[in-house]
Amino acid sequence: MNGKHITKLGFQKKAVGLALAAAQIRGQAGLGQAEILGELRGVLAAPSEYGGSVYAELAAELLAQQEQERRGQSAPLRDSPLPYSVWGADLIEPGATAQMDMAMRLPVARAGALMPDAHVGYGLPIGGVLATEGAVIPYGVGVDIGCSMMLSVYPLPADLKAAEARQLLLKHTRFGAGVSFEKRERQDHEVLHDPAWQDQALLKYLHAKAAEQIGTSGSGNHFAEFGSFRLAQPDLGLEAGEYLALLTHSGSRGFGAQVAGHFTRVAEQRHKRLDPAAKKLAWLDLDTEEGQAYWQAMTLAGRYALANHEQIHGRLARALGVTPLLNVSNSHNLAWKQQVGDRELVVHRKGATPAEAGRLGLIPGSMADPGYLVRGRGHAAALASASHGAGRQLGRKAAERSLVKGDVQRYLEQRGITLIGGGVDEAPQAYKRIEDVLARQSDLVETVGEFMPRVVRMDTGSQDI
DNA sequence: ATGTAC
């Protein structure tokens, strides 16, 4: 008798172990394998009849699992989507709108909005904002949980030599999938000592990876770049003018990716009868153990991602020998509990910047276009959100197919950009014009300052620029 | 996004 016999009967998750334990006891009582399997079949068919037996614990777990399934299946999709507001509809591909429509048909959906950088993603589109009640959607947060931006403005003129900036980035940042910091370079951080790591087997398991990778940047659209930050008028305690600044885009690395993967699978298991078109929008109820576990892991991944930025900025500030005048950061892949009207809802921002009234946020353009420090206006219909960047206008493969390397190189040269790494799939031409995107959301955020990249580091793409 | 499943 082993786990395979048990799972073959149809037992799942925790029930497998419980069934094995009960089978062992029955075996010791002298029953044969066939007899035990027969009894287990009986328990599976009618768990409520085995309350007082050796199978009591197993039966209770099965009943709980059945209840979970019923919950997930109790409310079907709405026939039509709840209404939601769209910013910059002329910039948004139909596929992204279709995904948002689907999200607004979920029984747990209450409100939503689509930002002008929106494009197709898994489940919820990138640039999608979705408020649910009592439930959280792993793919409503995204694969890179806590993906975020950080800006440091230094008390230095914006004339750092490109060669020096390049050396600093090469020495103090780490890019690439799977990369970690060398053992002797590794730094500790408060977040690694959070008691939450001990609360779940998954988090315990992922702690070592998190400790190895902290302070790294990863791959894809993540970057670290020196540039000039321009403040048109005095603000935030700074005089108007140009400053040297560092802008970074990073996330929760392998740790967050595995948390996302795990809980997405759990959510999909819970909603097996959900319309296949909404499969990637499977949710977890917050009043379940799993929902709470995801919330805890997601929150930890959000703080871990910001800790990555802190270490990147800490290393570079030390190397420059300066203390920043200003440090701003924001997550743009996360869910928050937020008061919406008279209810507390779960607001998912998947590639959307929190933009409550007065709150600072960072909206990057591309490796060769300006990014912006913005101040939120707290627009209610946008659930106090804005775009998280320019947004893709070409998918990665489409960019590699259609963009000409010489055109990309010329674009960088014309703007005086020094690039380390970088792939054609991340070329400026693969993104919407940041000016267009900002123009469509002037009622969501006001511009405070402009950051122009000068020396940019990214992971190497499959096709170098 | 990650480097492929506790």
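Only heavy atoms go into these numbers, but all of them, side chains included; no hydrogens, no water, no symmetry mates. A quick note: this is a predicted structure, and the numbers were derived from the prediction, not measured. Per chain, numbering begins at 1; letters A, B, ... match sequence-line order.
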Measure [atom1]/[X] against [atom2]/[N] and give the value in whole Å, please.
X	N	atom1	atom2	answer
A:Asp459	B:dG3	CG	P	12 Å
A:Arg174	B:dG3	CZ	C1'	18 Å
A:Asp425	B:dT2	CG	C1'	15 Å
A:Gln269	B:dA5	CD	P	17 Å
A:Phe255	B:dG3	CZ	C1'	17 Å
A:Phe263	B:dA5	CZ	P	17 Å
A:Tyr122	B:dT2	OH	C1'	11 Å
A:Gln258	B:dT2	CD	P	12 Å

Using only side-chain N and O atoms of [X], determine if any of them is under 4.0 Å from OP1 or OP2 of [N].
X	N	answer
A:Arg265	B:dA5	no
A:Lys209	B:dG3	yes
A:Gln213	B:dT2	no

Flag the pair A:Phe255 / A:Trp197 as yes when their ring centroid distance falls below 6.0 Å, and as no otherwise.
yes
Less than 6.0 Å separating the ring centroids of A:Trp283 and A:His348?
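No, too far apart.
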Could you tell me whether [X] contacts a base, only the sugar-phosphate backbone, or nothing, with contacts defined as non-hydrogen atoms closer than 4.0 Å?
X	value
A:Gly251	nothing
A:Ser252	nothing
A:Ala177	base

Go nucleotide by nucleotide along DNA chain B from the 5' end; which of A:Arg396 and A:Val266 gets its closest nucleotide reached first?
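With A:Arg396 and A:Val266 compared, the 5'-side residue is A:Arg396.
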Name the residue closer to the 5' end of DNA chain B, choosing between A:Tyr205 and A:Val143 according to the nucleotide with the nearest heavy atom.
A:Val143
Donor-acceptor side-chain pairing of A:Arg349 and A:Ser385 below 3.5 angstrom:
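Checked: A:Arg349/A:Ser385 side chains pair up, N/O donor to acceptor below 3.5 Å.
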For the residue pair A:His249 and A:His332, confirm or rule out a side-chain donor-acceptor distance under 3.5 Å.
yes
Distance to the ring centre below 6.0 angstrom and angle to the axis at most 45 degrees; does that hold for A:Arg457 and A:Phe223?
no
